[in-house]
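Let me begin by presenting the structure, written as structure tokens, before commenting on it.
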Amino acid sequence: MTMRDLPLLEIEGLTHFYGAQLGCRNVSFDIYSGEVLAIVGESGSGKSTLLNCLSAQLRPTGGTIHYRMRDGSRLDVYGAGEAEQRRLLRTDWGFVHQHPHRGLRMGVSAGANVGERLMVVGERHYGNIRAKALEWLGKVEIDGARIDDVPNTFSGGMQQRLQIARNLVTEPRLIFMDEPTGGLDVSVQARLLDLIRTLVADLGLSVIIVTHDLAVARLLSDRIMVMKGGEVIETGLTDQVLDDPHMPYTQLLVSSILQVGA
Amino acid sequence: MGGLPLLRISGMSKGFTMHLQGALRLPVVSHVAFEVAAGECVVLGGPSGAGKSSILKSVYGNYLSDCGEILIRHDGEMVDIARLAPRGMLEVRRRSVGYVSQFLSVIPRVTAIDLVTQEGVKWFQDREQAEARAAELLTRLNVPERLWNLPPATFSGGEQQRVNIALGFIGRHPLLLLDEPTASLDAKNAGVVRDLIAERKALGHGLLGIFHDPAMRDAVADRIVDVTSFAAVA
Amino acid sequence: MSLSEISEQPAGYNFAYLDEQTKRMIRRAILKAIAIPGYQVPFASREMPMPYGWGTGGIQVTASIIGPDDVLKVIDQGADDTTNAVSIRNFFARTAGVAMTSRAEEATIIQTRHRIPETPLHTGQILVYQVPIPEPLRFLEPRETETRKMHALSEYGLMHVKLYEDIARHGHIATTYAYPVMVEDRYVMDPSPTPKFDNPKMHMSPALQLFGAGREKRIYAVPPHTKVVSLDFEDHPFSVQEWPDTQCAMCGAEGVYFDEVLLDDRGGRMFVCSDTDYCERRQAEGHFGHLHASGGAGAAAPENR
């Protein structure tokens, strides 16, 4: 059995309560290398709570998360120390926020935003950091001439692409995305989605993406989880769940969007 | 392995429950049972609404069948895709079963030739070989060469349809599902598709298709499975 | 200090202004700081009879460690005679009555705002820095909870982001003061707004270095003979300011930290030692620069600074 046959992330019985208020309940699933999972549901369905728990940013009330490290060992994410969790989030994982100002340092240049993770992992050669930053700006279709400009001067779409470059520069294996195209114009969305799709395929990334937009889920994901009231109510291949939804709520979700494309 | 069929369906039923219409139950087909062997093209027959498309989509895992078995030959074994986890189904789709519809799901900014080549790369030794094969298919399907380096989103419906056929046929899936790929295609291009089907059969691949045009159906079908015999009773 | 000594003090004031309980609290913070070189120890900073920004942190540290036998030197930007230095010296003259000096090697405690004396320090001396902003990560990370975590976990990539920005904007590391250092391979520390010229003097210094930030309520320390390394990039190594072909106009010194003094409205200027004690001592020993009244190139004597 090779590493590819073992799950990258294993989630078991994940539950989170905010006091007495349910965030998410009893979520279990595995993610394998190269898989893209979409978590869909309306506001308050618990999808963002789940994403925060999965990405080691919110300690769940119950349940476990295990992550397969590069050396093959299996890390109990919430059993590990905070140092290990934070290191993961800055190296082997990535997190693309809906709002760029949460994922970028708005006051420092695009180059430094991309280079930060390299410096975090100990790169101490300015020339190398800058070359790598330029390379990644190119990959996310940002003009290299903008390398010394601060993100405040970028459009919303560019800021999101910069956020993606900033996350991918350390070649992570698992990326969390929270509504990455939310709040963007439709044409800007399309370009960003296409870029994400290409990068994910080229780099063989595993992605867990939270979205309320079923078109985004259809374009990017292999698998889908539908959440309602903090629980996963339906799960399966993305095209199967969207074309042949079984649960009443999923049918409502699917029927309430305009059909785009085939 | 020669003895195993490429597809074996038995006791399969499929219906829909429309929860938004008071849980209205719409049975479509039941007790579906047939096989597709290596080297044959099986065509599903029957009038519109008989469930041909539902059967095809269930075989591809796009619809979830209600009961019964859908066995697909995968890595020399018969795998029941009705009970397969998504990851397994993706693997079966990647290597064992392909699907050609009449609609191209366009991806922005990817050119026609790249689109077909990318799919070919999964099957050929190197990119050059895949690109040569993509070019050959686009030529045969009369997609003008000046369009190759443009994204198909801007193409006419007929041109998109032919790009989609090239996309479906560049692969080497042992089982290929054809969902009316020739609908509204002109005679010349329909003939190309007929040839492509014959070539796949010669490779020992199996095909399961839906063709509305009786001439096309008769030209490609080794066998016609009448779907009305699986009519579900409400 | 003994009870009898305390009772000899003028009514209403304790020796060196602070009450003994406060001094104990500050000394505990200082001891902890010495035990963890470069780590910022929170302390219950007191209101002092002068505004924040006048060195209230350094003054509390000095007040907590000073004894009647100590000899105090106070400098501000290298000078013993500027307002801040004079005020602080007056404060301790009045509240502690200790001996004062301007000579670096005679002082047992040197309180400084922004310079380390040119005269090498020796074992037994204590250098007390006045610190406005103790947190080197504050520039890029405004959250205190986050910067504490970063220190705890030694996550210092952000410091290099700051240096990267410098190079990207100016072609070189343009930070010339408060230049971040790594202390004993563990904590990144802000050396207070001293010019980076003085950073190498912190490394393996035989003197004890204490840092007090009154408004921010932090004390940190570099014990004697501790490794202090300025952060840099492999291809942009740390370097100190240099004034090639420049000599002090007064004492002729080279390779020291210079102040630039404008002489007229026509662009006339001169460079003099920033360390006034060092400069005067050289002059007393007979070293003269080209603008000195009794020597040099014979130009008109500059006004006294």
Side-chain angles (χ1 to χ4, degrees), chain A residues 56-57 59 80-94 101-134 136-137 144-153 162 165-167 169-170, chain C residues 36 39 133 135-176 178-183 185-188 196 199 227-239:
Chain A
Q57 299 186 100
R59 179 174 284 277
E82 198 179 2
E84 184 84 30
Q85 291 170 12
R86 286 168 64 99
R87 209 184 55 75
L88 265 183
L89 256 175
R90 283 165 169 72
T91 55
D92 223 20
W93 292 3
H101 61 82
R102 285 195 59 202
L104 293 172
R105 294 194 188 278
M106 300 307 271
V108 307
S109 68
N113 264 290
V114 179
E116 180 175 343
R117 275 176 162 240
L118 296 172
M119 296 183 239
V120 165
V121 297
E123 175 62 73
R124 291 291 178 265
H125 190 283
Y126 174 82
N128 292 349
I129 293 166
R130 199 167 171 83
K132 201 84 187 216
L134 262 178
W136 273 97
L137 289 180
R146 305 292 305 268
I147 188 169
D148 294 329
D149 295 347
V150 294
N152 272 327
T153 65
L162 183 62
R166 173 177 159 89
N167 272 285
V169 69
T170 50
Chain C
I36 317 170
Y39 171 72
I133 299 166
E135 180 48 72
L137 296 161
R138 187 65 71 233
F139 172 76
L140 290 168
E141 180 50 70
R143 290 168 296 179
E144 174 72 14
T145 49
E146 186 66 14
T147 53
R148 283 201 201 191
K149 240 173 224 172
M150 292 162 99
H151 282 296
L153 302 173
S154 263
E155 285 179 8
Y156 289 131
L158 208 51
M159 278 328 305
H160 277 85
V161 169
K162 184 172 185 286
L163 301 180
Y164 171 98
E165 285 293 85
D166 259 13
I167 303 174
R169 286 197 185 144
H170 308 288
H172 59 94
I173 298 177
T175 301
T176 51
Y179 191 106
V181 293
M182 171 64 83
V183 179
D185 299 322
R186 178 57 184 84
Y187 285 99
V188 164
K196 68 175 180 176
N199 274 18
K227 206 171 150 189
V228 177
V229 178
S230 302
L231 303 182
D232 61 3
F233 286 105
E234 289 159 16
D235 48 344
H236 286 267
F238 172 79
S239 63

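Being a predicted model, the structure only gives us computed values, none of them experimental. Reminder, nothing fancy here: chain letters follow the sequence lines and each chain counts from 1. Side chains included, hydrogens not; waters and symmetry mates left out as well; all remaining heavy atoms used.
Considering every non-hydrogen atom in both A/Ala133 and A/Gly111, the closest pair reads CB-O, 3.8 Å. Considering every non-hydrogen atom in both A/Gly144 and A/Leu134, the closest pair reads CA-CD2, 3.6 Å. Listed here is the closest heavy atom pair of C/Tyr179 and C/Lys196: CB-CB, 3.8 Å.
Put simply, the side chain of C/Val188 does not reach to within 4.5 Å of the side chain of C/Leu137, judged on heavy atoms. The shortest side-chain heavy-atom distance between A/Val120 and C/Leu158 does not fall under the 4.5 Å cut-off.
Of all the listed residues (C/Ile167, C/Leu140, C/Leu153), the one sharing the greatest number of non-hydrogen pairs under 4.5 Å with chain A is C/Ile167.
For the atom pair CG (C/Leu231) and CG (C/Leu163), the distance works out to 6.0 Å, reported to the nearest 0.5 Å. Separation of atoms CZ (C/Phe139) and CD1 (C/Ile133) is listed at 11.5 Å; rounding is to 0.5 Å.
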Check chain C against chain A and list any donor-acceptor pairs under 3.5 Å.
{"from": "C/Leu140", "atom 1": "O", "to": "A/Arg105", "atom 2": "NH1", "distance (Å)": "3.3"}
{"from": "C/Glu146", "atom 1": "OE2", "to": "A/Arg86", "atom 2": "NH1", "distance (Å)": "3.4"}
{"from": "C/Glu146", "atom 1": "OE2", "to": "A/Arg86", "atom 2": "NH2", "distance (Å)": "2.9"}
{"from": "C/Lys149", "atom 1": "NZ", "to": "A/Glu82", "atom 2": "OE2", "distance (Å)": "3.0"}
{"from": "C/Glu155", "atom 1": "OE1", "to": "A/Arg86", "atom 2": "NE", "distance (Å)": "3.4"}
{"from": "C/Glu155", "atom 1": "OE1", "to": "A/Arg86", "atom 2": "NH2", "distance (Å)": "2.8"}
{"from": "C/Glu155", "atom 1": "OE2", "to": "A/Arg86", "atom 2": "NE", "distance (Å)": "2.9"}
{"from": "C/His160", "atom 1": "NE2", "to": "A/Arg124", "atom 2": "NE", "distance (Å)": "3.3"}
{"from": "C/Tyr164", "atom 1": "OH", "to": "A/Arg130", "atom 2": "NH1", "distance (Å)": "3.1"}
{"from": "C/Glu165", "atom 1": "OE1", "to": "A/Ser109", "atom 2": "N", "distance (Å)": "3.4"}
{"from": "C/Glu165", "atom 1": "OE1", "to": "A/Ser109", "atom 2": "OG", "distance (Å)": "2.5"}
{"from": "C/Glu165", "atom 1": "OE2", "to": "A/Ser109", "atom 2": "N", "distance (Å)": "2.8"}
{"from": "C/Ala168", "atom 1": "N", "to": "A/Tyr126", "atom 2": "OH", "distance (Å)": "3.4"}
{"from": "C/Glu234", "atom 1": "N", "to": "A/Arg124", "atom 2": "O", "distance (Å)": "2.6"}
{"from": "C/Asp235", "atom 1": "OD1", "to": "A/Tyr126", "atom 2": "N", "distance (Å)": "2.7"}
{"from": "C/Asp235", "atom 1": "OD2", "to": "A/His125", "atom 2": "ND1", "distance (Å)": "3.2"}
{"from": "C/Asp235", "atom 1": "OD2", "to": "A/Tyr126", "atom 2": "N", "distance (Å)": "3.4"}
{"from": "C/Asp235", "atom 1": "OD2", "to": "A/Gly127", "atom 2": "N", "distance (Å)": "2.6"}

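For a residue to count as touching a neighbouring chain, one of its non-hydrogen atoms must lie under 4.5 Å from one of that chain's; by this rule A/Leu118 does not touch chain C.
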